Chemist: 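Structure below; questions to follow.
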Amino acid sequence: MLGVVVSQQLEFPKGANPCLRQYNYIGGGGGFKNVVLTTLVYLTEEDDCPFHSREQGILKDRLITSNTETWQNIPDFHGLDRIGGVDLSYVKEDDTSACASLIVLSYPDLEVIYEDCQMVTLDAPYIAGFLAFREVPSLVEAVKRLQEKDSRLMPQVLLVDGNGVLHHRGFGVACHLGILTGLPTIGVAKNLLQVDGLENNESHRGQAKELQSSGDFFYLEGSSGNILGAALKSSQKSVKPIYISVGHKISLETAVKLVHSCCKYRVPEPTRQADIRSREFCVKTTNEKQMPQD
DNA sequence: GCGACAG
DNA sequence: ATCTTGTCGC
């Protein structure tokens, strides 16, 4: 590591390629002392991405992992009217194109009241532990569009495909999106990310098997002693649990109850609708492009 | 070479 | 994430 992050303001040049990021560091070489150096860094698979790790660490300091909204402490979540879900669907054979979607559902009816699907260009590759650098820019844009189009429909909490604090450095995509938007967020993953000693081993699968009815869950405690998330049997039919972790501005206990309350199937309705609709839009748009004679 | 690897 | 058939069950 060449230096220390000097600037905690993570303002990047407007319209800059999110994959090519600019960091300010303290440099001390060549007779200069304490000069601020600007370093341009791409996210690549060749190293452990120390710069992006550092950026996650800076943003993590702003994370709030407890309830901040009044409805979160009310048993039936009275006061919660709108819940959002986000997802990206990828174009096959093209790792730079995707459809980003933001769906808002009424609560507790779970009817779709807002849908935004948009084809986007991705700037960063997928690297485990750095999913947010690939997906979050398009999602922030979607939230901004909603803010401008009809801010009354802004969701009061956002479910995100992927993890929150259940992450290599405790700052997954759900946390990242929460910090960048200021919205309460929850991470919902379909597979256990094996970090901090957590393993999808015989012991874990044994615990999962003990989950009897819908709503049963167990906490995921890492080797560090931290409770990183929960494995939830989200519907009566599903055998494989889903993995809930705090993103931002909500407690794990509340997050688990809330996610379960919007599960008609294994995947909670907000992210399920985002997934279905973004995939649909992606296929439709890709076909139109191939057959312009229509 | 082998296992891991959110999406 | 995506590539993919059939099959079991309601």
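What you are looking at is a predicted structure, and each value in this text was computed from that prediction instead of being measured. Chain A is the first sequence line, chain B the second, and so forth, proteins listed ahead of strands; every chain is numbered from 1.
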Chemist: Could you run down nucleotides 4-10 of chain C 5' to 3' and tag each one B, S or - for protein heavy-atom contact under 4.0 Å?
Modeler: -------
Chemist: So what does Gly129(A) touch, heavy atoms closer than 4.0 Å: a base, only the sugar-phosphate, or nothing?
Modeler: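 Contact class for Gly129(A): base.
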Chemist: Are Leu211(A) and Pro241(A) side-chain neighbours, meaning at least one heavy-atom pair lies under 4.5 Å?
Modeler: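 Yes; the side chains approach each other to less than 4.5 Å.
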Chemist: Please work out the stems of DNA chain B from pairs that are Watson-Crick or G-U wobble with both distances under 3.5 Å, keeping only runs of three or more consecutive pairs.
Modeler: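 For DNA chain B no paired stretch is long enough to count as a stem (3 pairs minimum).
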Chemist: How many Å lie between CG on Asn200(A) and C1' on dC5(B), as a whole number?
Modeler: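 Spelled out: CG on Asn200(A) to C1' on dC5(B) is 13 Å.
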Chemist: Whole Å only: how far is the CZ atom of Arg134(A) from the P atom of dA1(C)?
Modeler: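 Taking atom P of dA1(C) as the reference, CZ of Arg134(A) is at 12 Å.
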Chemist: For Leu193(A) and dC5(B), what is the distance between atoms CG and P respectively, to the nearest whole Å?
Modeler: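 Rounded to whole Å, this separation is 7 Å.
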Chemist: Does any pair with a residue in residues 178-226 of chain A pass ring-ring contact (aromatic ring centres under 6.0 Å, His included), and if so which ones, sequence neighbours excluded?
Modeler: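 Passing the test, one end in residues 178-226 of chain A: His204(A)-Phe218(A), His204(A)-Tyr243(A), Phe217(A)-Tyr219(A).
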Chemist: Could you give the distance separating dG1(B) and dG6(C) at their C1' atoms, to the nearest angstrom?
Modeler: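 It works out to 35 Å between them.
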Chemist: Using a cut-off of less than 4.0 Å, is there contact between a side-chain N or O of Tyr126(A) and OP1 or OP2 of dA6(B)?
Modeler: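 Indeed, a polar side-chain atom of Tyr126(A) lies that close.
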Chemist: Parallel, tilted or perpendicular: which one describes the rings of His176(A) and Phe171(A), with boundaries at 30° and 60°?
Modeler: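 Ring orientation of His176(A) relative to Phe171(A): tilted.
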Chemist: CD of Gln194(A) versus P of dA6(B): gap in Å, rounded?
Modeler: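 In whole Å, dA6(B) P lies 9 Å from Gln194(A) CD.
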Chemist: Ile250(A), Ile242(A): one ILVMFWY side-chain cluster at the under-4.5 Å cut-off?
Modeler: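 Same hydrophobic cluster.
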Chemist: Could you check how far CZ of Phe133(A) sits from P of dA6(B), rounded to whole Å?
Modeler: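 The answer, rounded to whole Å, is 17 Å.
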Chemist: Does Asn191(A) place a side-chain N or O at less than 4.0 Å from the phosphate oxygens OP1/OP2 of dG7(B)?
Modeler: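 Answer yes for this pair, as a side-chain N or O of Asn191(A) is under 4.0 Å from OP1 or OP2.
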Chemist: Whether Arg279(A) contacts dT2(C) is assessed here as follows: a side-chain N or O lying under 4.0 Å from the phosphate OP1 or OP2. Is that the case?
Modeler: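 Looking at the OP1 and OP2 atoms of dT2(C), one of them is under 4.0 Å from a side-chain N or O of Arg279(A).
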Chemist: Please give, in whole Å, the distance from dA4(B) P to Leu198(A) CG?
Modeler: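 Going from CG in Leu198(A) over to P in dA4(B) covers 14 Å.
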Chemist: Would you say the ring centroid of His168(A) lies under 6.0 angstrom from that of Phe130(A)?
Modeler: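 That pair fails the under 6.0 Å test.
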Chemist: Please report the distance separating the C1' of dG3(B) from the corresponding atom of dT4(C), rounded so that it comes out in whole Å.
Modeler: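 Taking atom C1' in both dG3(B) and dT4(C), they lie 25 Å apart.
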Chemist: Would you compute the distance between atom CG of Leu252(A) and atom OG1 of Thr65(A) and round it to the nearest 0.5 angstrom?
Modeler: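 Rounded to the nearest 0.5 Å, the CG-OG1 separation comes out at 9.5 Å.
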Chemist: What nucleic acid atoms does Val173(A) come within less than 4.0 Å of, heavy atoms only: base, sugar-phosphate, or nothing?
Modeler: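 Contact class for Val173(A): base.
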Chemist: Answer yes or no: is there a side-chain heavy-atom contact under 4.5 Å between Lys190(A) and Asp161(A)?
Modeler: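 Counting from C-beta outward, Lys190(A) and Asp161(A) do come under 4.5 Å.
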Chemist: Scan Asp95(A) against the nucleic acid and name what it touches under 4.0 Å (heavy atoms): base, sugar-phosphate only, or nothing.
Modeler: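 If one applies the 4.0 Å heavy-atom cut-off, Asp95(A) turns out to touch nothing in the nucleic acid.
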Chemist: Between dA6(B) atom P and Leu220(A) atom CG, what is the distance in whole Å?
Modeler: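 That distance rounds to 15 Å.
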Chemist: At what distance, to the nearest 0.5 angstrom, does CZ of Arg279(A) lie from SG of Cys99(A)?
Modeler: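 Between atom CZ of Arg279(A) and atom SG of Cys99(A) there are 10.5 Å.
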Chemist: Write down the distance between CD (Glu93(A)) and C1' (dA1(C)), rounded to a whole number of angstrom.
Modeler: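 That distance rounds to 13 Å.
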